[in-house]
Peer 1: 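Quick one: the structure is below, questions incoming.
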Amino acid sequence: MEKNILHLDLDTFFVSCERLIDSRLVNRPLLVGGTGDRGVVAACSYETRMFGVHSGMSMKVARNLCPEAIVIRGDASIYTKYSHLVTEIIKEKVPVFEKASVDEFYADLTGMDKFHGCYKYASELRQSIIKNSGLPISFGLSVNKIVSKVATGEAKPNNQLKIDAGFEKSFLGPLSIRKIPSVGEKTYQVLRNLGVDKVSVVQQMPVEMMTSALGANGTTIWKRANGIDNPPLVKFHERKSISTERTFNKDTIDVKQLRTTIFAMSENLAFQLRRGNKIAGVISVKIRYSDFNTYSKQVKIPYSSADHVIIPKVMELFEQLYQRRLLVRLVGVKINDIVSGHYQINLFDDTEEMLSLYNAMDHIRGRYGEASIMRASSMGANSIGRFDNPFNGEPPTVLAHRNQ
């Protein structure tokens, strides 16, 4: 049976959500992201792109390129709400789908040609999303995920495109090699050095040449350029790590502030583990200094989700890592090797009072929010929180910050 894979992408998602909330922003240049000079553009409206602005760019540079743009910090809870709304519409109408990011979806419509016609059904689904959410959305439809994703990019803004079976190579051929997923800046430079600028050039190359130049990624790019890469739909995203970072508005050497921030991050990540019934076996700490040199250190721990196990190890890593005594630009904490499970009680060190304290604190956080209760050592570390359960099977909101 011929495959029919649909790719849906909400156009400039963060920007569209802000315009739903405030209609005065419609048709005006808009930037969403960090409002300070060190902020990053999470999303930008099409009105700003003619000035060279793109997501992932420094907010300072973006404001210089487009001084008349309105800058909004954004609200992750609002974007999560609208993302869930669109997800529920898709879930109701499509039997098998993958939520690739907060604003991007794949759906398997194979077999629907017998009853509705896949393109017609996809068109009706798109109109239903637009009507019920108020958000613009584009789609591409083809025999696999890769071609459909590229087709969506060509269809934007707020449009749709179907690539008939057998026409994948002719559709991809004239496009820039940058349009192929997995071709980043470094890979693009390697390909340009080989004289590759269009997908059609890769289509004419032997796969061995691509593999020799780029290794396994070269084989993947060659398959995608020829429209034959067919990765499966992933219905549930299993998180193997969670992390949080903080870029300071001003480089600091205030050790007390650094320790407070690291402590609060550790406490919050441990809570996220317990909330998701997870335990972790590896923790790491990262420091970026004012000269942009970045250092990290990690250590294995007995699988745990307990504050009294994770926090001291994180603080110990920080003390080992912070040696240069220079101004610090960024700190971060990451927890890896996450598996399902509950904290195993230590018969010699753990007390009933301590375990009851964890349960009480987690209950209060679950009811009143993550910042409703915290240890005294976390006081002063503002906005350390995730707003959402990282183990709900959905990709993190930050994935919408990619170049769009």
Peer 1: Kindly say whether L85 contributes a backbone atom to a donor-acceptor pair with the side chain of S133 at under 3.5 angstrom?
Peer 2: no

Peer 1: What's the shortest heavy-atom distance between A107 and V94, and which atoms?
Peer 2: CB-CG1, 3.5 Å

Peer 1: With side chain to side chain contact (heavy atoms under 4.5 Å, CB included) as the criterion, how do K286 and T294 come out once you've worked through the C-alpha distance, each side chain's angles and the decisive distance to 0.1 Å?
Peer 2: CA-CA 7 Å; K286 178 168 74 172; T294 304; 3.6 Å; yes

Peer 1: So, applying side chain to side chain contact (heavy atoms under 4.5 Å, CB included) with L30, which one of T48, T12, I70 is it?
Peer 2: I70

Peer 1: So which of V53, L31, V71 actually passes side chain to side chain contact (heavy atoms under 4.5 Å, CB included) with C66?
Peer 2: V53

Peer 1: Is there a donor-acceptor pair closer than 3.5 Å between any side-chain N or O of S241 and the backbone N or O of I335?
Peer 2: no

Peer 1: Can a donor-acceptor pair be found between the side chains of D9 and S138 at a distance below 3.5 Å?
Peer 2: no

Peer 1: Yes or no on salt bridge (charged side-chain N to carboxylate O under 4.0 Å, His left out) for R178 and E185, after CA distance, side-chain angles and deciding distance?
Peer 2: CA-CA 8 Å; R178 289 296 302 270; E185 188 62 40; 3.3 Å; yes

Peer 1: Please check: side-chain N/O of S212 versus main-chain N/O of E208, any donor-acceptor pairing under 3.5 Å?
Peer 2: no

Peer 1: Which atom names give the shortest non-hydrogen contact between D251 and S290, and what distance separates them?
Peer 2: OD2-CB, 2.9 Å

Peer 1: Scan T219, I221, T220 and name whichever one has a side chain to side chain contact (heavy atoms under 4.5 Å, CB included) with T211.
Peer 2: T219

Peer 1: Heavy-atom distance under 4.5 Å between the side chains of V331 and V285, does that happen here?
Peer 2: no

Peer 1: Would a distance-only check, ignoring hydrogens and angles, find a side-chain to backbone donor-acceptor pair under 3.5 Å from E18 to I72?
Peer 2: no

Peer 1: With rounding to the nearest 0.5 Å, note down the distance linking CD1 in I310 to CD1 in I301.
Peer 2: 5.0 Å

Peer 1: Rounded to the nearest 0.5 Å, what separation is found between the CE atom of M265 and the OG1 atom of T244?
Peer 2: 4.5 Å

Peer 1: Look at the side chain of R224 and the backbone N and O of P181, then say whether any donor-acceptor pair between them is shorter than 3.5 Å.
Peer 2: yes

Peer 1: Taking all non-hydrogen atoms of both residues, which atom of S16 and which atom of L135 are closest, and how far apart?
Peer 2: CB-CD2, 3.8 Å

Peer 1: With no hydrogens and no angle check, is any side-chain donor or acceptor of Y82 less than 3.5 Å from a backbone partner on F13?
Peer 2: no

Peer 1: Backbone N or O of L25 within a donor-acceptor pair of the R19 side chain at under 3.5 Å?
Peer 2: yes

Peer 1: Around K297, counting heavy atoms of other residues, nucleotides and ligands shown, do more than 12 lie under 6.0 Å from its NZ?
Peer 2: no

Peer 1: Which heavy-atom pair separates L273 from S304 by the least distance, and what is that distance?
Peer 2: CD1-O, 3.9 Å

Peer 1: I need the minimum non-hydrogen distance between L330 and G332, along with the two atoms involved.
Peer 2: CD2-N, 4.3 Å

Peer 1: Does the side chain of I311 reach to within under 4.5 Å of the side chain of V314, using non-hydrogen atoms?
Peer 2: no

Peer 1: Could you go through the side chain to side chain contact (heavy atoms under 4.5 Å, CB included) check for I90 and I129 one step at a time?
Peer 2: CA-CA 8 Å; I90 295 173; I129 293 170; 3.9 Å; yes

Peer 1: Would you check if the distance from the ring center of Y322 to the ring center of F318 is below 6.0 Å?
Peer 2: yes

Peer 1: Between R275 and Q272, does any side-chain donor sit less than 3.5 Å from a side-chain acceptor?
Peer 2: yes

Peer 1: Please indicate whether N293 has more than 12 foreign heavy atoms, meaning atoms of other residues, nucleotides or ligands, lying under 6.0 Å from its CG.
Peer 2: yes

Peer 1: What I want to check is whether the side chains of N159 and R126 have a donor and an acceptor closer together than 3.5 Å.
Peer 2: no

Peer 1: Atom NZ in K81, atom SG in C17: separation rounded to 0.5 Å?
Peer 2: 9.5 Å

Peer 1: Can you find a pair of side-chain heavy atoms, one from K179 and one from V199, that are under 4.5 Å apart?
Peer 2: no

Peer 1: Any non-hydrogen side-chain atom of I21 less than 4.5 Å from a side-chain atom of I78?
Peer 2: yes

Peer 1: Under 3.5 Å, is there a donor-acceptor pair between the D337 and Y303 side chains?
Peer 2: yes

Peer 1: Would you confirm whether N226, through its side chain, and I228, through its main-chain N or O, come within 3.5 Å as a donor-acceptor pair?
Peer 2: no

Peer 1: Side-chain contact test, heavy atoms from C-beta onward, threshold under 4.5 Å: evaluate it for F139 versus Y119 and give yes or no.
Peer 2: yes

Peer 1: Does a side-chain heavy-atom distance below 4.5 Å link R192 with D197?
Peer 2: yes

Peer 1: How far apart are the C-alpha atoms of E245 and K334, what are their side-chain angles, what is the distance that settles it, and do they pass the salt bridge (charged side-chain N to carboxylate O under 4.0 Å, His left out) test?
Peer 2: CA-CA 9 Å; E245 294 181 350; K334 186 175 185 178; over 6 Å; no

Peer 1: For residues K223 and I146, determine if any side-chain heavy atom of one lies less than 4.5 Å from a side-chain heavy atom of the other.
Peer 2: no

Peer 1: Quick one: pull up CG in D291 and CG in L326 and give me the separation to the nearest 0.5 Å.
Peer 2: 6.0 Å

Peer 1: Please indicate whether Y295 has more than 12 foreign heavy atoms, meaning atoms of other residues, nucleotides or ligands, lying under 6.0 Å from its OH.
Peer 2: yes

Peer 1: E168 and S142: side-chain donor and acceptor closer than 3.5 Å?
Peer 2: no

Peer 1: Whether the side chain of N268 engages the backbone of A264 through a donor-acceptor N/O pair (distance < 3.5 Å, no angle test) should be reported.
Peer 2: no

Peer 1: So do K145 and E98 actually touch side chain to side chain, heavy atoms under 4.5 Å?
Peer 2: yes

Peer 1: May I have the step-by-step check of salt bridge (charged side-chain N to carboxylate O under 4.0 Å, His left out) for R274 and D307, ending in yes or no?
Peer 2: CA-CA 10 Å; R274 296 194 298 274; D307 289 0; 2.9 Å; yes

Peer 1: With rounding to the nearest 0.5 Å, note down the distance linking CG in L214 to CH2 in W222.
Peer 2: 14.5 Å

Peer 1: Any idea which heavy atoms bring K278 and S340 closest together, and the distance?
Peer 2: NZ-OG, 3.0 Å

Peer 1: Just how far is it from atom CG of L8 to atom CD of Q160, taken to the nearest 0.5 Å?
Peer 2: 10.0 Å

Peer 1: Are R49 and Y46 in a cation-pi contact, defined as NZ or CZ under 6.0 Å from the six-membered ring centre and within 45° of the axis?
Peer 2: yes

Peer 1: Quick check: does any side chain N or O of S83 sit under 3.5 Å from a backbone N or O of Y79, one acting as donor and the other as acceptor?
Peer 2: no

